[in-house]
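Inspection log for the structure reproduced underneath, given as structure tokens.
Excluded from the calculations below are hydrogen atoms, water molecules and symmetry mates; all remaining heavy atoms, backbone and side chain alike, are included. Letters A, B, ... are given to chains in the order of the sequence lines, protein chains preceding strands, and every chain is numbered from 1.
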2 protein chains.
Amino acid sequence: MDNLSDETKRALKLWVVLAKCFNAVAERDKRSIARFGLIPSEFAVLDTLYHKGPLPLSEVGKHLLLTSGSITYMMDKLEKQELVERKACSEDRRVIYARLTDAGRERIETIFPEHAETLREILSGLSAEEQEIATVLLRKLGRRANEGT
Amino acid sequence: MDNLSDETKRALKLWVVLAKCFNAVAERDKRSIARFGLIPSEFAVLDTLYHKGPLPLSEVGKHLLLTSGSITYMMDKLEKQELVERKACSEDRRVIYARLTDAGRERIETIFPEHAETLREILSGLSAEEQEIATVLLRKLGRRANEGT
DNA sequence: TTTAAATATTACAACATTAAGATAATCGAT
DNA sequence: ATCGATTATCTTAATGTTGTAATATTTAAA
């Protein structure tokens, strides 16, 4: 720990702080979403379909960074709640679309503004300028981390 | 989405970027640790015990943000690999210490520098100055997010 | 002494991944 | 044009990691 270069120690510290920060925000994000009886992945599906319209299951998975197996599981749960439905694609019979039901649309329209407001409060530890800077830096960091994929 | 305040939109964007950045780094962190046949939580236990010495299981849990049930599971796994051992506390018979075995110590001493070097590379998307700024901002953000607990 | 709090384990449920498979589309060589 | 191989999409089953709730034991406190 002590014979590491300054550069390495700096990177290590940043990674620890990044992880803790993410966990803290994620925990509050989860609690906010739980008020509406959903877990974050479920909310993310509704949110994605609301803003992008019906999508092939594989596209939903790419967007949420979930594997195909997990998407099947999520969709089964959301269909049981009648918030989302599967719809066969007429052009390509391998494809199944995920689509909001009317109930799902109503639900996300109710939830979204309230949850967004809560997130605004959670992130209010940084001023507008600081948030802009943080966004730029994190984007840069993420891009580089993804290169090594 | 469109009738949100600028402030809210800014916060939302930051949260999306933060999450993506964290996921990208976490994914590479995981791959780096996997080279040594461990998962991140296992590595974290070894790392913690190496730098802090033997600790009560409950303390390990607090440090890794894992519940007591999860720690029991982790310890069972690490004991099977003979990297860590349980040791009863003589003063308080409710307490059980987690302690590195000699093999565990050797293992972490080998792994740690290599993994740290990999992390340095993963985070090298930001310059030293940028890393300092990011650390300050994320710490501030995390602190505020934790207040609402 | 009874009560409450702290510690660890157990049993179970939730959410994720991986690997294997079923079916459908596509593409290349004949 | 068609056959065969490859690729894409989704599902299923097995498994791994985590959390939650209930329990047992021990300690501390009233």
Side-chain angles (χ1 to χ4, degrees), chain A residues 19 22-24 26-31 33-34 36-46 49 54-81 83-99 149, chain B residues 19 22-24 26-31 33-34 37-46 48-49 54-81 83-99 149:
Chain A
F22 171 81
N23 280 130
E27 175 57 34
R28 296 216 39 207
D29 173 77
K30 182 172 149 189
R31 291 221 308 276
I33 290 170
F36 308 102
L38 296 174
I39 63 171
S41 327
E42 292 174 329
F43 175 82
V45 171
L46 299 186
L49 296 180
L55 288 179
L57 296 193
S58 58
E59 291 300 314
V60 177
K62 266 175 217 158
H63 206 255
L64 307 205
L65 303 178
L66 288 180
T67 58
S68 57
S70 302
I71 290 297
T72 294
Y73 172 74
M74 295 289 320
M75 282 298 295
D76 289 349
K77 280 203 336 172
L78 285 167
E79 259 192 335
K80 233 169 254 155
Q81 299 177 62
L83 298 173
V84 165
E85 57 193 5
R86 286 173 162 95
K87 184 171 180 332
C89 170
S90 43
E91 291 107 44
D92 187 339
R93 292 195 305 168
R94 292 171 302 181
V95 171
I96 297 180
Y97 280 94
R99 182 172 71 174
T149 303
Chain B
F22 170 81
N23 280 130
E27 175 57 34
R28 298 217 37 206
D29 174 77
K30 183 172 149 191
R31 291 221 307 275
I33 291 170
L38 296 174
I39 63 172
S41 329
E42 292 174 330
F43 175 82
V45 171
L46 300 185
T48 301
L49 296 179
L55 287 179
L57 296 193
S58 58
E59 292 300 314
V60 178
K62 268 175 215 158
H63 205 255
L64 307 206
L65 303 179
L66 287 182
T67 58
S68 56
S70 303
I71 288 298
T72 296
Y73 171 77
M74 293 288 320
M75 283 296 296
D76 290 348
K77 276 201 341 172
L78 285 167
E79 258 189 337
K80 233 169 253 154
Q81 299 177 61
L83 298 173
V84 165
E85 58 194 4
R86 285 175 164 95
K87 185 174 180 327
C89 170
S90 44
E91 291 108 41
D92 186 338
R93 293 198 303 170
R94 292 171 302 183
V95 171
I96 297 179
Y97 279 93
R99 184 171 71 174
T149 304

- Note on the structure: Against the side chain of A:D92, the closest entry in D:dT26, C:dA25, D:dC10 is C:dA25
Are any of the side-chain heavy atoms of [X] and [Y] separated by less than 4.5 Å?
{"X": "B:M75", "Y": "B:V60", "answer": "no"}
{"X": "B:K77", "Y": "B:I39", "answer": "yes"}
{"X": "A:I96", "Y": "A:K87", "answer": "no"}

Can you check the [X] [atom1] to [N] [atom2] distance for me, whole Å?
{"X": "A:I96", "N": "D:dA8", "atom1": "CD1", "atom2": "C1'", "result": "13 Å"}
{"X": "B:I33", "N": "D:dT17", "atom1": "CD1", "atom2": "C1'", "result": "15 Å"}
{"X": "A:E91", "N": "D:dA8", "atom1": "CD", "atom2": "P", "result": "19 Å"}
{"X": "B:E59", "N": "C:dA8", "atom1": "CD", "atom2": "P", "result": "9 Å"}
{"X": "B:D76", "N": "D:dG16", "atom1": "CG", "atom2": "P", "result": "14 Å"}
{"X": "B:L64", "N": "D:dT17", "atom1": "CG", "atom2": "P", "result": "14 Å"}
{"X": "B:L57", "N": "C:dA6", "atom1": "CG", "atom2": "P", "result": "17 Å"}
{"X": "A:L55", "N": "D:dA8", "atom1": "CG", "atom2": "C1'", "result": "17 Å"}

- Query: Reckon A:S58 touches a base, only the sugar-phosphate, or nothing at all at heavy-atom distances under 4.0 Å?
  - Reply: sugar-phosphate
- Stepwise side chain to side chain contact (heavy atoms under 4.5 Å, CB included) check, B:V45 with B:L83: CA-CA 10 Å; B:V45 171; B:L83 298 173; over 6 Å; no
- Task: Can you check each nucleotide of nucleotides 11-23 of chain C against protein heavy atoms at under 4.0 Å and return B for base, S for sugar-phosphate only, - for none, in 5' to 3' order?
- Result: ---SBSBB-----
With a 3.5 Å cut-off and sequence neighbours excluded, list the donor-acceptor pairs that the side chains of residues 62-70 of chain A form with protein atoms.
unit_1	atom_1	unit_2	atom_2	d
A:K62	NZ	A:E59	OE2	3.3
A:H63	ND1	A:T48	OG1	3.4
A:T67	OG1	A:S70	OG	3.2

- Item | Interatomic distance, A:M74 atom CE to A:L57 atom CG [nearest 0.5 angstrom] | 11.5 Å
- Say you draw a straight line from CG of B:L46 to CD of B:Q81; how long is it, rounded to the nearest 0.5 Å? 8.5 Å
- Query: Counting only side-chain N and O atoms of A:R86, is one of them less than 4.0 Å from OP1 or OP2 of D:dT11?
  - Reply: yes
